Amino acid sequence: MTQIIYFDNATTSHPKPEGVYAAVDQFQRLIGAAAGRSGHRLGIAAGRVVLETRRRLARLFNVPDPARVILTPSCTEALNLAIKGLLRPDDHVLTSSVEHNSVMRPLRRLEAEKGVELTVVSCSPQGWLDPSDIQKNLRPNTRLVVVSHASNVVGTIQPVGEIGCLARKHGARLLVDAAQSAGAVPIDVRAMGIDLLAFSGHKGLLGPQGTGGLVIGEGVELDTLIEGGTGSRSQHEAQPVHLPDRYESGTLNGPGIAGLAEGTAYVQQLGIQNIQETLRTLTALMLEELARTPGAIVYGPGDPARQMAVVSFTLEGRDIAQFSAILDQRYGILTRAGLQCSPGAHQTLGTFRRTGGTLRVSLGVFNTREEVGYFGRCLRELHASAAGGQDG
Amino acid sequence: MAETIVTFYTTHAALCAEEAVQGAGVPASVVPTPREFSADCTLSLSFPSSHQEQVRAILDAQGIEISGLHGPVD
C-alpha cells in the first residue's frame, strides 16, 4: 500500500494507538455482551469496561461524578441532547458565528419551530469571539450560551473560561462544543465554569468512530432526547431519572467505548501538556511552510499558541477541491477542502462565496515534522508547475 | 450463611458499590437481583450480613444511592 500522509485529524483521527485497535477486538472477542443488561459474567464484564471509560473521562475533564459523563454515539448527538434538552419556547440563546452545523442546525430548528430566540454573535475575521460581545447580547431571558472551544475551520481557541464567568453571573448555562479540543488542550469543567461539555470520542481522544459524550454539570436539568430500554427500572414504562441511565437508552457501543477507554488512557499517558506542545510545534512548521508558498492565503490566528493544529488556506487562482484531489492522488497527502460543515465560519472568514471554503490541514499526535516539510515541498511544486496552466 | 442483598437504580451504581465495598475488604460481589426484592436493576450486591452496617457506611460515604437493602436472607 502506498504511504499516505493523513492531515485530516479534525474530521477523525487516524491512525489510532495500537491499544485502541486491540481493545475493540478484545471486547468483541472476549466480552461481546451488552453492558447494563444481562446479569451474567460477560454482561458484568461489559459494564466494568463502560464504568472504567467514564472514570477516565471524568479524570480528564475534572468531573467529580463519573455518572455525569453520559456516553453518546457522537458529539453531534451530545450537542442535540444539551441544546434540545435545555431550551424551552421563549428562551434566548447566544452562540458565535463560527459554529459547526452540529450546533447551528439544532439551534436554527428551535428558532424556526419552537419559539426560541437566537442571537449569533459575530467573531473577528480570525475567528475570535470577544467576551464583551457576549456580555452585550445577554438578555433577561438568555438561558444558554453555546460556544465551540476551538473552531474546526481555523482552529481559533475561544476564551471559554471568561465566557463561562459571564454566563454564570447572568444565570445562564454554558455549553461548550469540545469536538476539536478534547484530548488536545486542557479542559477543566469546574475551573472553566462549563455546565455542559460535548465531546467527540474519535478525534483528539483517539477512540473509534461512533463514540462521544456529554458531561452534565451538577444541577443542570435536561429533558431526554431519546427514551427506551436502559436495563433498569424495567417494571416502569417511564424513562428512569437516575444518571447515567436517563440519557443512555439503547445498547451502548461497547466495542467503541472499550476503544475510547484506551484512547483516553493514551492521551493521559502522553500528557495533555506534551500533546499541546507537540501540536503547537507542528502547527508552527505548517504555518512556515504556507508562508513560503507563493499565493497561499492562510486564515485564522496564524499563531500556534492561540489555535489548534488546524490550518485553513486557499491558493490564489486555484480551485481548492481540485488541488486537494491532486494532493491525494499524486502525493498521498489527505486533506479536506470545502466548508467543513461550518458555513458560518466561512462567512466570517470571507471564504464562503469567494473560494467555496478552504483547504484544511489538521494535524494529530502521529504526524511528524518530516510530513509537514514534505507537504510544503509538494505544495510549492504543484502550485509552481501549474502556474498559468489548467492541468494543476 | 446469611447474606444481605443491596439493590440499586443503575448498573453503574451497583458496580461502583462492589468496588468500594471490596476495596474495604468486604467479601461482596454483584449478583443478578432476586426478583422478590426488586425488578429495578439487573445487578445487586451480595455480602455476608455480618458486614451490613459497614457496607451501609461505605456506600453513604461514597454517595452511592441504593434502592433497597434486604437481609439477612439465606
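Lettering follows sequence order; numbering is per chain, from 1. Keep in mind that what you see is a predicted model, and the values were worked out from it rather than measured.
Ranking B:Thr10, B:Val31, B:Thr11 against chain A, the residue ahead of the rest is B:Thr10, based on heavy-atom pairs under 4.5 Å.
Note that SG of B:Cys16 and CZ of A:Arg55 are 4.5 Å apart. Values are rounded to the nearest 0.5 Å. Atoms CD and CD1, on B:Glu18 and A:Ile44 in that order, are 7.5 Å from each other to the nearest 0.5 Å. The CD atom of A:Glu52 sits 7.5 Å away from atom CD of B:Glu19, with the distance rounded to the nearest 0.5 Å.
Using a 4.5 Å cut-off between heavy atoms, A:Arg37 touches chain B through its backbone atoms (N, CA, C, O) alone. Looking at A:Thr230, there are no atoms closer than 4.5 Å to chain B (heavy atoms on both sides), in backbone or side chain. Both the backbone and the side chain of B:Leu15 come within less than 4.5 Å of a heavy atom of chain A.
Nearest heavy atom pair, residue A:Pro244 against residue B:His12, reads CD-CB, 3.7 Å. Here the closest heavy-atom approach between residue A:Gly39 and residue B:Pro32 is recorded as O-CG, 3.7 Å.
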